[in-house]
Amino acid sequence: MNIRFIGAVKGVTGSCHLIEFGDKRLLLDCGMFQGKDDELNYQELPFNPADIDYMVLSHSHIDHSGRIPLLVKKGFHGTIYCSRPTYDLCEIMLLDSAHIQEMETEWANRKAMRAGRPLIEPLYTQDDAKRSFKYFKPVLYEQIVNADENLTLRFNDAGHVLGSSIIEMWIKEGQDTVKIVYSGDIGMKEKPILNDPAVIESADYVIMEATYGNRLHEHIEKREKELLNIILKTVLRGGTVIIPSFAVGRTQEIIYELNKYYDSHKDLDEIQLSFLRNIPVYIDSPLAAKATEVFQRNAGVFDKEAREYLMRGDNPLIFANLHFTQNADESKQLNFSDEPKIIISSSGMCDAGRIKHHLKHNLWKKNNSIIFVGYQAEGTLGRRILDGAKKVKILGEEISVNAEVYNVEGFSGHADKNGLINWLMNFKKKPVKLFIVHGEYQAKADFAAEVEKVLGIECIIPEYDEVYEIKANNMVEEVGIEKPAADGTLAEEQFCILIRELKSLKALFEHTLKQLEDSLGSQPVSAAKCNSINNILLDLESDIVNLSMLIGK
Ligand SMILES: [Zn+2]
């Protein structure tokens, strides 16, 4: 059994690792290289996609999922395991990515034709993206999934973006079982909307990200205040606030935080608050609008606070002055008006999408503010602005950077050094080795030194295309249940957990029943909605009968 590292080893993009066991091949993510590395996407893949049996997809971000349509175009026909929200998000994100590929190729080809150069092909098309969807197999968090007799998987919430997962993999080769944990991207605790990263207690080997392996985030309580202060200061002087944001995840978190702020308004007086409430917030990204819908469809994985909003009948992703632009014309109109406003647009690193237009029209005005709320990879336009460039080239034009540039770090999707170390401290037995990926070199090296000092775990920072042999260490227990009793029965502690789960389900069920009764009594319900409710109820009924049969045995 071995692991081969073929992406996210020189930086943070292009995540892709290959595990070979028996005669099977399992790919962990297949993301797009971005920023300075993006030409790597056009290199020949270092394996034959048709030979891959399974993929485990940690989350929907393009630097983890973006080359899936390329794999399919090149012959992949295996099974892609991921969480349900990851699948829902991939459906819109991979199509969007394909659309960008097609547009950029068309643009490059027009130039090539004029210069008499040969034409190029897009990396993949929207048809390739659509063809890839049939290989996805969504699973639930904490569900034990037997991919085959030698491979068992369990997805756990990583708290990084909706659907993001830390994956436990039990891999059998001959008589030996090895447990490998792939962290994907690990979120920060107490992120809006999402649960904290799941605690994992055992592994032989861990493959782990270290994006912020040598940095500490500012205290996250400050993030909303800082964001709101910059917004208030800017709009009060008549300026526009531009927030380059990942369409998926960060945008919804900012909507959620703004909504929460308008609700609680702890440190604003009434005049400031009513002024702020009248400032339009434009979400200028078709992808962000679609992603917000996906969030609303997957409220089952929201954290307690966000669920409480919903239980009260208050949608935390909607407020009065929030507008989603409908088309490119509306987007352009935003830059013809001088009204103070907030524009949230993607891409988050400013390399593509409508954000480029907004930066072109707003960066040179000193009244305005640009607020970065996410990681800016080396080589991206966002990183150049953040690093203090006085002039930047956008859409072929040189633009002065006169607007105020801020970095509100608390919104990071990634745990910081302490968050990563604390997550590792949950392991009851130390993993034999920790492979550190997904980080710039210094972040990985510093993190490795810290892990070795604090936890005494051997760390490896793999180079591109390095292969490591993996051996069984007889460290981990049976799949799923970490500590079965000697006779194989369920420990009392675990039995109590099951009872607690059932009771909380019962409470949820009663609440939903009441909601349904109230809603049916007060407003007409469409036939389509009735059908959807009925279908879900039929599924529920069948699951409950199965559960009861299993318990009765
Ligand atoms: Zn990510």
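Order of listing sets the numbers, starting from 1, for every ligand and every atom in it.
A cation-pi arrangement is present between Arg223 and Phe411 under the rule of less than 6.0 angstrom and at most 45 degrees off the ring axis.
By the salt bridge (Lys or Arg N to Asp or Glu O under 4.0 Å) test, Asp284 is found to be paired with Arg354, residues two or more places apart in sequence or in another chain being considered. The salt bridge (Lys or Arg N to Asp or Glu O under 4.0 Å) check on Glu44 picks up nothing, with sequence neighbours excluded.
The closest side-chain heavy-atom distance from Ile166 to Trp423 is below 4.5 Å.
Distances from the Zn ion (ligand 1) under 2.8 Å pick out these protein N/O/S atoms: His59 NE2, His61 ND1, His160 NE2, Asp185 OD2.
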Extract all donor-acceptor atom pairs below 3.5 Å that involve side chains of residues 374-382 and protein atoms in other chains or at least two apart in sequence.
{"residue": "Tyr375", "atom": "OH", "partner": "Glu440", "partner atom": "OE2", "Å": "2.8"}
{"residue": "Gln376", "atom": "NE2", "partner": "Gly348", "partner atom": "O", "Å": "3.1"}
{"residue": "Gln376", "atom": "NE2", "partner": "Gly374", "partner atom": "O", "Å": "3.0"}
{"residue": "Thr380", "atom": "OG1", "partner": "Ala377", "partner atom": "O", "Å": "2.7"}
{"residue": "Thr380", "atom": "OG1", "partner": "Arg383", "partner atom": "N", "Å": "3.2"}

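Ion pairing between a basic and an acidic side chain is recognised when a charged N comes within 4.0 Å of a carboxylate O; Glu293 and Lys290 show no such pairing.
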